[in-house]
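To start, the structure itself, in structure tokens.
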There are 2 protein chains.
Amino acid sequence: MRSSLPPAADVAGAVETAPPSVSSCRPATLSAELRISVSRLHRQLRSQRGEADLSDGQYAVLSVLDKFGPMSPGALADHERMRPPSMTRTVNALDELGLVRKSEHPTDGRQVLVSVTEAGVAELRETRRRRDAWLTRRLGALTAEDRAVLARSSELLRRLAAG
Amino acid sequence: MRSSLPPAADVAGAVETAPPSVSSCRPATLSAELRISVSRLHRQLRSQRGEADLSDGQYAVLSVLDKFGPMSPGALADHERMRPPSMTRTVNALDELGLVRKSEHPTDGRQVLVSVTEAGVAELRETRRRRDAWLTRRLGALTAEDRAVLARSSELLRRLAAG
DNA sequence: TATTGTTATACTCTATAACTATA
DNA sequence: TATAGTTATAGAGTATAACAATA
């Protein structure tokens with residue numbers, strides 16, 4: 001019953017003028033399409049996640065800390081578009097796993113600095129390798145050009161999420 | 001609270017200095033990037049959703065029924081990459097709202113046929129217009145070329161989700 | 001016996017509101 | 001009084017396991 005999507009058309013030079021048959025470039029139509037696509041892939045990614053793996057939120061936080069260095073929970077929440085209490089939970093979970101460490105802010109007694117531990121870095125590396133296996137495999141089956149489109153869109157999706 | 005001060009930024013600088021737009025077309029790296037982007041946008045979309053609106057799942061189901069016609073819950077679950085019990089819940093919620101109708105399968109007594117009602121079609125149209133306002137506005141702020149990339153990627157994301 | 005769908009139950013993730021401690 | 005973080009609590013969304021009805 002599932003519809004087979006049309007084969008990817010060549011996009012090299014014709015990006016601006018030739019919209020794919022399914023997805024329109026009109027903002028309103030694209031919006032509806034994109035929402036469903038993102039929602040569906042999100043669900044699929046979650047179900048493909050290994051049992052022992054970090055949650056999406058935990059993984060994202062660890063990535064951010066690894067990338068940008070120690071940060072306060074508030075800054076993390078802001079960065080991940082999460083509410084502070086949700087971030088507290090995520091950080092505490094990571095702390096209990098020994099993957100991050102909480103320490104006092106040098107000058108502001110209210111703040112907390114969260115930093116990734118060595119175990120966290122190792123876990124991040126391992127998790128990245130293991131749990132993205134499914135998606136990595138599927139991406140490998142695409143053409144390099146399709147992957148280029150996705151790489152570019154990944155950045156655009158972030159910009160959209162940045163509100 | 002733990003006392004040791006974190007080493008300020010020994011991990012921060014070394015990780016990624018290349019501009020994200022060429023971030024990487026390597027499947028493994030792209031996989032990690034894409035997962036975080038999709039996850040973050042999904043969260044943002046959910047939080048931007050209007051109070052009275054349909055949930056993502058409800059919206060998607062209504063869209064599918066509108067697009068492909070009546071379908072069994074099993075087929076819907078398959079299409080949306082959901083488990084049957086989850087789909088039962090979604091369909092029942094829509095049924096209680098009067099947006100879909102359940103009827104017997106003509107030949108197979110086990111199956112149920114779910115079809116969208118007129119109220120469902122109207123609600124779909126209205127919801128689409130109202131709740132995608134935020135995303136539509138943000139998409140409108142992009143260049144036509146960026147939108148073309150996203151339109152193309154939307155299709156690719158679906159193919160990825162289709163497992 | 002296999003398949004379709006449902007019920008019962010539980011878990012994960014996130015949010016809001018109220019509270020504590022510091023500035 | 002304002003800000004950073006936490007605790008308590010609730011809600012949405014999805015999953016697994018067990019069950020009923022039909023093929």
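Every heavy atom of this structure was used, including side-chain atoms; hydrogens, water molecules and symmetry mates were not. In the text below, chain A, chain B and the rest are named by the order of the sequence lines, each starting its count at 1.
- For A:Thr136, the side-chain contact (heavy atoms from CB on, under 4.5 Å) criterion is met by A:Asp132, B:Pro27, B:Ala28, B:Ser31, not counting sequence neighbours.
- Atom CG in A:Leu76 sits about 17 Å away from atom P in C:dC13, given to the nearest Å.
- Every residue two or more places apart in sequence or in another chain that forms a side-chain contact (heavy atoms from CB on, under 4.5 Å) with A:Asn92 is listed here: A:Thr88, A:Lys102.
- Phosphate proximity of D:dT6 to A:Lys102: present, with a side-chain N or O under 4.0 Å from OP1 or OP2.
- The separation between B:Gln58 atom CD and D:dG11 atom C1' is 14 Å, rounded to whole Å.
- Regarding A:His42, its NE2 atom lies at a distance of 15 Å from the P atom of C:dT12, rounded to whole Å.
- Atom CD in A:Glu104 sits roughly 13 Å away from atom P in D:dT6 (whole-Å rounding).
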**Q.** 5'-to-3' dot-bracket of DNA chain C (Watson-Crick, G-U; under 3.5 angstrom; crossing pairs as [ ]; | other strand)
**A.** |||||||||||||||||||||||
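- Partners of B:Arg125 according to the side chain to side chain donor-acceptor pair (under 3.5 Å) rule, which considers only residues two or more places apart in sequence or in another chain, do not exist here.
- Results of the side-chain contact (heavy atoms from CB on, under 4.5 Å) test with A:Val114 over A:Asp95, A:Leu94, A:Thr90, A:Leu65 single out A:Leu65 as the only residue that passes.
- The CG atom of A:Asn92 sits 6 Å away from the P atom of D:dT6 (whole-angstrom rounding).
- Rounded to whole Å, atom C1' of C:dT3 lies 13 Å from atom NE2 of B:His105.
- Atom CD in A:Glu80 sits roughly 14 Å away from atom P in C:dC13 (whole-Å rounding).
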Q: Report the C-alpha distance between B:Ser86 and B:Arg89 in whole Å, list the side-chain angles of each, state the deciding distance to 0.1 Å, and finish with yes or no for side-chain hydrogen bond (donor to acceptor under 3.5 Å, both in side chains).
A: CA-CA 5 Å; B:Ser86 303; B:Arg89 275 193 126 192; over 6 Å; no
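- Contact annotation: A:Thr88 side-chain N/O to D:dG5 OP1/OP2 distance is not under 4.0 Å.
- Among residues two or more places apart in sequence or in another chain, the side-chain contact (heavy atoms from CB on, under 4.5 Å) test is passed with A:Arg137 by A:Trp134.
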(Q) Can you build the contact string for nucleotides 14-23 of chain C? Use B for base contact, S for sugar-phosphate-only contact, and - for no protein heavy atom under 4.0 Å. (A) BBBB----BS
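- Rounded to an integer number of Å, the gap from CD of A:Gln111 to P of D:dA4 is 6 Å.
- Under the side-chain contact (heavy atoms from CB on, under 4.5 Å) criterion, B:Glu104 pairs with no residue, sequence neighbours left out.
- For A:Arg128, the salt bridge (charged side-chain N to carboxylate O under 4.0 Å, His left out) test picks out no residue, with sequence neighbours left out.
- B:Asp66 pairs by the salt bridge (charged side-chain N to carboxylate O under 4.0 Å, His left out) definition with nothing, not counting sequence neighbours.
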